[in-house]
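Have a look at the structure below, then the notes.
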Amino acid sequence: MDLELRTLADVQWRLDDDAEGTFEGIACRFGVVDSYGTTFHPKAFRKGGLDKKPYSLLFMHDPTRPIGTFRAEERDDHLWISGRYDDTAAGQEARAMARSGSAPELSVGFVRTDLPDWKKLAELSEEDFAEKMKNIRGARLVETSQITARMAAVPGSKLKTVRAALGDLYDEEHAESLERRVAAERIRRAGQVRRARAAALLGLASVDGGL
C-alpha cells in the first residue's frame with residue numbers, strides 16, 4: 001500500500017520554554033472528517049501495530065532531514081506524541097521555526113492496513129468502496145513531520161525523496177494509485193461481462209437460425 005500523508009487543521013502541540021527542546025501534543029484526532037474527506041477511527045494506529053520504540057520526527061516528510069524523535073500512544077480520541085528535538089543545527093532550526101510560526105504544523109505519514117487486496121476492492125459497489133476508503137480503521141504509523149504553514153500535503157502524494165528512502169513502500173507494483181487500479185479492474189470486469197453477454201446472444205441467434 002502507498003504511504004499517505006495527512007495534515008489536520010486542528011492538531012495541537014506545544015514546545016517547552018526551557019533548553020530541553022521537548023515537545024508534546026496531538027498529532028491526529030479520531031472521529032473528525034479531515035480536509036481530504038477521510039476519518040481516522042479510534043484504535044486505528046494500534047491495529048496497525050503502533051510501536052513502543054521511538055519514531056523519527058522529520059521535516060517536510062523528507063527522510064534525509066530528521067530533526068528529532070518521539071514516542072506515540074493512542075488515547076480515547078487522538079494520537080498523542082511526545083519527544084525531543086535533536087541537538088543538531090537542523091533540530092534547533094526546526095524548533096525555532098515551530099516557535100516563530102513559520103513551520104508550526106504536524107503531518108502524519110502512514111500506511112493503511114485496513115484495506116483488502118485491490119482486486120477485492122474492485123468487487124465492491126461504488127458506494128461501499130467510497131465508504132471503505134474514507135474510513136481509516138487501521139494504519140501503520142511511519143513518521144510524523146513538522147511542516148511549514150499552509151503546506152498540507154495532497155492525500156496519497158508520493159515525494160520522490162520519500163520513495164527513494166522507503167524502498168518497498170514505493171516499488172513499481174504500487175506506483176499506480178489504488179483508485180486507478182480499482183477503476184481499471186472495474187472496466188476490465190465490465191468488458192468481460194459485455195463479451196459474455198454478446199457471446200450468449202450470438203449463441204442464441206445460432207440456435208434460432210438452425211431451427
Side-chain angles (χ1 to χ4, degrees), residues 1-9 11 26-53 55-56 58 61 63 72-81 106-145 152-197 199:
M1 292 298 177
D2 297 329
L3 181 72
E4 297 189 43
L5 314 175
R6 290 291 188 279
T7 302
L8 305 181
V11 161
I26 297 171
C28 180
R29 290 188 183 277
F30 303 142
V32 177
V33 179
D34 60 36
S35 59
Y36 310 128
T38 53
T39 302
F40 284 88
H41 288 259
K43 300 181 181 179
F45 291 102
R46 195 180 306 171
K47 290 177 181 177
L50 195 60
D51 204 325
K52 293 183 178 180
K53 296 180 180 179
Y55 289 88
S56 291
L58 305 180
H61 296 288
E73 65 174 284
E74 280 202 358
R75 297 185 177 178
D76 290 341
D77 62 351
H78 62 268
L79 178 70
W80 177 265
I81 66 170
L106 292 179
S107 178
V108 293
F110 64 96
V111 175
R112 291 191 65 167
T113 60
D114 61 334
L115 298 177
D117 180 84
W118 63 272
K119 290 185 178 180
K120 292 183 178 179
L121 283 172
E123 296 174 358
L124 300 176
S125 67
E126 290 189 12
E127 184 178 281
D128 289 342
F129 175 73
E131 185 71 17
K132 176 75 73 174
M133 295 303 295
K134 71 182 182 182
N135 288 287
I136 303 174
R137 302 181 185 278
R140 176 166 59 85
L141 183 65
V142 176
E143 49 88 8
T144 294
S145 284
V154 175
S157 63
K158 303 178 181 67
L159 304 181
K160 291 182 180 179
T161 51
V162 179
R163 290 188 65 166
L166 298 185
D168 61 353
L169 289 179
Y170 289 103
D171 59 23
E172 289 303 316
E173 180 184 353
H174 296 130
E176 190 177 20
S177 73
L178 179 62
E179 288 80 1
R180 287 187 179 184
R181 277 177 273 158
V182 168
E185 179 66 9
R186 283 183 175 150
I187 291 172
R188 186 187 71 81
R189 294 188 182 193
Q192 286 182 330
V193 171
R194 285 195 296 271
R195 288 192 292 273
R197 287 175 178 170

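For Tyr55 against Leu141, the heavy-atom pair with the smallest separation is CE2-O, 3.4 Å. Closest non-hydrogen pair, Thr113 versus Lys47, comes out as OG1-O, 4.4 Å. For the pair Val108 and Ala27, the tightest heavy-atom approach, listed with the atom from each and the gap, is CG1-O, 3.8 Å. When all heavy atoms of Arg6 and Ile136 are compared, the pair lying nearest together is NH2-CD1, 4.5 Å.
Going from atom CE of Met133 over to atom OG1 of Thr38 covers 9.5 Å, rounded to the nearest 0.5 Å. Glu123 CD to Asp117 CG: the interatomic distance, rounded to the nearest 0.5 Å, is 9.0 Å. Note: Cys28 SG to Phe45 CZ = 4.5 Å, rounded to the nearest 0.5 Å. From Glu73, atom CD reaches atom NE2 of His78 across 7.5 Å, with rounding to the nearest 0.5 Å. With values rounded to the nearest 0.5 angstrom, Arg46 atom CZ is found 10.5 Å from Leu79 atom CG. Between atom CZ of residue Arg75 and atom CZ of residue Arg29 there is a gap of 12.0 Å, rounded to the nearest 0.5 Å.
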Q: Evaluate side-chain contact (heavy atoms from CB on, under 4.5 Å) for Asn135 paired with His41, printing each intermediate quantity in order.
A: CA-CA 7 Å; Asn135 288 287; His41 288 259; 2.7 Å; yes
Q: List the steps, then state whether side-chain contact (heavy atoms from CB on, under 4.5 Å) holds for Leu3 with Phe110.
A: CA-CA 6 Å; Leu3 181 72; Phe110 64 96; 5.6 Å; no
Q: Could you go through the side-chain contact (heavy atoms from CB on, under 4.5 Å) check for Leu115 and Lys120 one step at a time?
A: CA-CA 9 Å; Leu115 298 177; Lys120 292 183 178 179; over 6 Å; no
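When atom types are taken as modelled, the side chain of Glu4 and the backbone of Arg112 share no donor-acceptor pair closer than 3.5 angstrom. A donor-acceptor pair under 3.5 Å is formed between the side chain of Glu74 and the backbone N or O of Ala44. Side chain of Thr144 to backbone of Ser107: no donor-acceptor contact under 3.5 angstrom is found.
Within the 4.5 Å cutoff, side-chain heavy atoms of Pro116 are placed close to those of Leu121.
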